[in-house]
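In this text the structure is predicted, and so the values were computed from the model without any measurement.
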Amino acid sequence: MDSSGALSIKSAEGFITPLGPTSPAARRKLDSVDDLFSRLRQGDRGALSRAITLVESSKASDQVLASDLLDRTLSVTGQSIRVGITGSPGVGKSTMIEALGMYVVGQGSRIAVLTVDPSSPSTHGSILGDKSRMAQLSVHPNAYIRPSPSGGRLGGVANQTREAIQLCEAAGFDVIFVETVGVGQSEIEVRGMVDCFLLLALAGAGDELQGIKRGIMEMADVIALTKADGDNRVRAEVAAGQLERALMLLPPDPQGRRASVILCSAIEQTGIENLWTSVRKYIEEDRISGRFDWRRGRQAVSWMEELVHQSLIEAWMRREDVQSAIASLSAAVHDAQTTPRRAAQQLLSLVDK
């Protein structure tokens, strides 16, 4: 959307084509799934945000509409580059994503950034402040940033991140970044929904070697040592050499590759082009080998299986006999009258009923 309020999409030649001014009332009026899909295909950012909100909703009626919408998008999705990005707090994820994102849009692509903020365990709220940390990218006409709460979900991503990716593709974004919560080394779920997994690490903070013992470092396809500038440049160069040698201790991927290590600085704008080239090279090699299509298919099947598991558990938990048993057994566990293991066994015995 430009400053006049007109919607726009990028043509095949790379130019921005105005779609005409849209009033606030018109942007709010999404009367049907067909209307929402039509606006989505036109690059309407309001429609995209509305569509993501729809798939994130837990209301049964919204879930029916969300399924219909996703069915319509199936034939126009799947052509983007999907990149998962993670790293521990302080590594500069938002700063690096903005620098990389600005480079990508400068190459003529349209980029969507899906960020996940941790939810409070007490209030269940999230700050959702990623847009403010990506000031340049958030106002670029060829970029879209959507923060979502984790909802307490483990794995570093939100429940409907996969479907948000699909909707962004339907809206014409050809590069999708998925930024995880960034709280530790267990955030590997994002690897099951992207084409390349980028790990950001900070030289001198222990990140360059700490994860080598297994876990997230083993899942990374490309590793970027951030803040390789000023006095930290020498430390970063030493850390890169140590990391490359340490990675040799890990088994290669099915293509015989090990993660490439890139030095970069968002402040000095160095290493950004090299980083994106490494990501593109990794994905292109997978396309040539056929692993790209195989991985996408496997990811879709895994998502189906996860949805089945979630739905079965939710349906089971809504049963009156299960709710009654949970209440009584929770009290018994709380008062040390039975063990959590024995209580769980009793609850699971209700499955056959």
Kindly indicate whether a cation-pi arrangement holds for R110 with F173, taking the cut-offs as under 6.0 Å to the six-membered ring centre and within 45° of the axis.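 Yes, R110 and F173 form such a contact.
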Using the six-membered ring of F292, assess whether NZ or CZ of R287 lies under 6.0 Å from its centre and within 45 degrees of the ring axis.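 Yes; both conditions hold, so R287 lies above the ring face of F292.
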Side-chain donor-acceptor pair under 3.5 Å between E314 and Q310, yes or no?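 Distance-only check fails for E314 and Q310.
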Is a side-chain donor-acceptor pair under 3.5 Å present for Q345 with R342?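 Their side chains do contain a donor-acceptor pair, which is all the 3.5 Å distance test asks for.
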Basic-acidic side-chain contact under 4.0 Å: [X], [Y]:
X: E169; Y: R41; answer: no
X: R280; Y: E284; answer: no
X: E56; Y: R146; answer: yes
X: R295; Y: D195; answer: no

Can any side-chain N or O of [X] pair as donor or acceptor with the backbone N or O of [Y] at less than 3.5 Å?
X: S109; Y: V105; value: no
X: T73; Y: L70; value: yes
X: S289; Y: R291; value: yes
X: E179; Y: L114; value: no
X: S38; Y: D34; value: no
X: Q63; Y: S57; value: yes

Please report the interatomic distance [atom1]([X]) to [atom2]([Y]), rounded to the nearest 0.5 Å.
X: Q242; Y: L225; atom1: CD; atom2: CG; result: 10.0 Å
X: L69; Y: L65; atom1: CG; atom2: CG; result: 8.5 Å
X: D174; Y: C168; atom1: CG; atom2: SG; result: 11.5 Å
X: L202; Y: R235; atom1: CG; atom2: CZ; result: 9.0 Å
X: I52; Y: I165; atom1: CD1; atom2: CD1; result: 10.0 Å
X: K227; Y: I267; atom1: NZ; atom2: CD1; result: 8.5 Å

Neighbour count above 12 (heavy atom, 6.0 Å) for E305 CD: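 Atom CD in E305 is crowded, with more than 12 foreign heavy atoms closer than 6.0 Å.
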Is it true that atom CG of D231 has more than 12 heavy atoms of other residues, nucleotides or ligands lying nearer than 6.0 Å?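 Counting other residues, nucleotides and ligands, CG of D231 stays at 12 neighbours or fewer.
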Assess the residue pair K93 and E98 against the criterion (salt bridge (Lys or Arg N to Asp or Glu O under 4.0 Å)); give the C-alpha distance rounded to whole Å, side-chain angles, the decisive distance to 0.1 Å, and a yes or no. CA-CA 8 Å; K93 287 196 300 300; E98 178 169 59; over 6 Å; no
Pair Q166, T77 - check side chain to side chain donor-acceptor pair (under 3.5 Å), show working. CA-CA 6 Å; Q166 188 172 328; T77 58; 4.5 Å; no
List the residues meeting side-chain hydrogen bond (donor to acceptor under 3.5 Å, both in side chains) with D253, not counting sequence neighbours, and say none if there are none.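 Partners of D253 by the side-chain hydrogen bond (donor to acceptor under 3.5 Å, both in side chains) criterion, ordered by chain and then number, come out as R257.
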Salt bridge (Lys or Arg N to Asp or Glu O under 4.0 Å) between R39 and D35, worked out: CA-CA 6 Å; R39 291 172 183 262; D35 185 31; 3.2 Å; yes
Qualifying side chain to side chain donor-acceptor pair (under 3.5 Å) pairs with a residue from residues 259-273, counting only residues at least two apart or across chains: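 Every side chain to side chain donor-acceptor pair (under 3.5 Å) pair that includes a residue of residues 259-273, provided the two are not neighbours, is D229-S265.
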So S49 and Y144, side chain to side chain donor-acceptor pair (under 3.5 Å) or not? Walk me through it. CA-CA 10 Å; S49 296; Y144 171 82; 2.9 Å; yes
